[in-house]
Amino acid sequence: MGTVVDDAAATDFHAFFEAHYAELARFAHLLTGELDAADDLAADALTALWHRWDRVRDADHPMAYARGVVANLARTRIRSAVRERRRIALFWAPRGSGDGYAADGPDVSAVVDVQGALRRLPFRKRACVVLRHAFDLSERDTSLVLGISVGTVKSQTSRGVAELQRLLEPEEPAARVRVAVVPPRTDGRR
């Protein structure tokens, strides 16, 4: 410890931390929708990066590596939360109710915002949309972060944006008045 190389590595890591912590936390927040979890995920990702700092700083795209770590940690957190919700739903479900997943109808009066709509997207679509549009990464950089092909980034981003548009469309009224267009009569009567 305390050698010139260790001090240089610590200095490099500190500069990386200062420059990118806030961005990694924003990315985690957009992926999970949880502000507190975002700080934890960014801190956990940077801790993991510190343990591999010699490889990370020599990488071609250290920030892509860091975003990939955040994405993987967010995916794990989301999966754990889903499993926990299922366990709770099964525990509290009335006995003999079938699958135990009886749900009330959707709250139609609730306003759907972008964050809520993002949370409804599957993880890969959400990650592609966030990286491409919120962080303005190229398709290639997004593919590096997520470890998927550029073609997959293109299709997942396109489908994710289309699904967001569908989710964010205003609800149509339950009853619509239909107007029939009747062609004019040719026999002279009205």
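One-based numbering along the sequence shown. Atoms considered below: every heavy atom in the structure, side chains included; atoms not considered: hydrogens, waters and symmetry mates.
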Less than 4.5 Å apart, any side-chain heavy atom of [X] and any of [Y]?
X	Y	answer
R77	L73	no
P122	E163	yes
W53	V56	yes
R124	R75	no
L46	L49	yes
L146	Q156	no

So how far is it from [X] [atom1] to [Y] [atom2], rounded to the nearest 0.5 Å?
X	Y	atom1	atom2	answer
R52	D58	CZ	CG	14.5 Å
D141	L131	CG	CG	9.5 Å
L24	D39	CG	CG	11.0 Å
L121	L31	CG	CG	11.0 Å
T76	L41	OG1	CG	9.0 Å
N72	R67	CG	CZ	14.0 Å

* Answer yes if F27 and L144 sit in the same cluster of Ile, Leu, Val, Met, Phe, Trp and Tyr residues linked by side chain heavy atoms under 4.5 Å apart, and no otherwise. =>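 Different hydrophobic clusters.
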
* Asked: Any chain of hydrophobic side-chain contacts (each under 4.5 Å) joining V129 to F135?
  ->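 Hydrophobic grouping puts V129 with F135.
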
* **Aromatic plane relationship, H14 with F17 - under 30° parallel, 30 to 60° tilted, over 60° perpendicular** =>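 Answer is parallel, since the angle falls under 30°.
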
* To do: Assign the ring pair F16 / H20 to parallel, tilted or perpendicular, where the plane angle (0 to 90°) is split at 30° and 60°.
  =>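 F16 and H20: tilted rings.
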
Quick one: closest heavy-atom pair of [X] and [Y], and the distance?
X	Y	result
A25	A38	O-CB, 3.3 Å
A74	F123	CB-CE1, 4.2 Å
V150	R140	CG2-CA, 4.1 Å
C128	T142	CA-CG2, 4.3 Å
A42	Y21	CB-CE1, 3.6 Å
T152	S149	OG1-OG, 2.8 Å

* Are the side chain of T157 and the backbone N or O of K154 linked by a donor-acceptor pair below 3.5 Å? ->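 Not at all, since once roles are kept as given, no pair shorter than 3.5 Å links the two residues.
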
* Answer yes or no: does atom CG of D54 have more than 12 heavy-atom neighbours from other residues, nucleotides or ligands under 6.0 Å? =>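 More than 12 heavy atoms, drawn from other residues, nucleotides or ligands, come within 6.0 Å of this atom.
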
* **Matching residue for R132 among V161, V153, L137 - test: side-chain contact (heavy atoms from CB on, under 4.5 Å)** =>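 Exactly one option meets the side-chain contact (heavy atoms from CB on, under 4.5 Å) with R132, and it is V153.
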
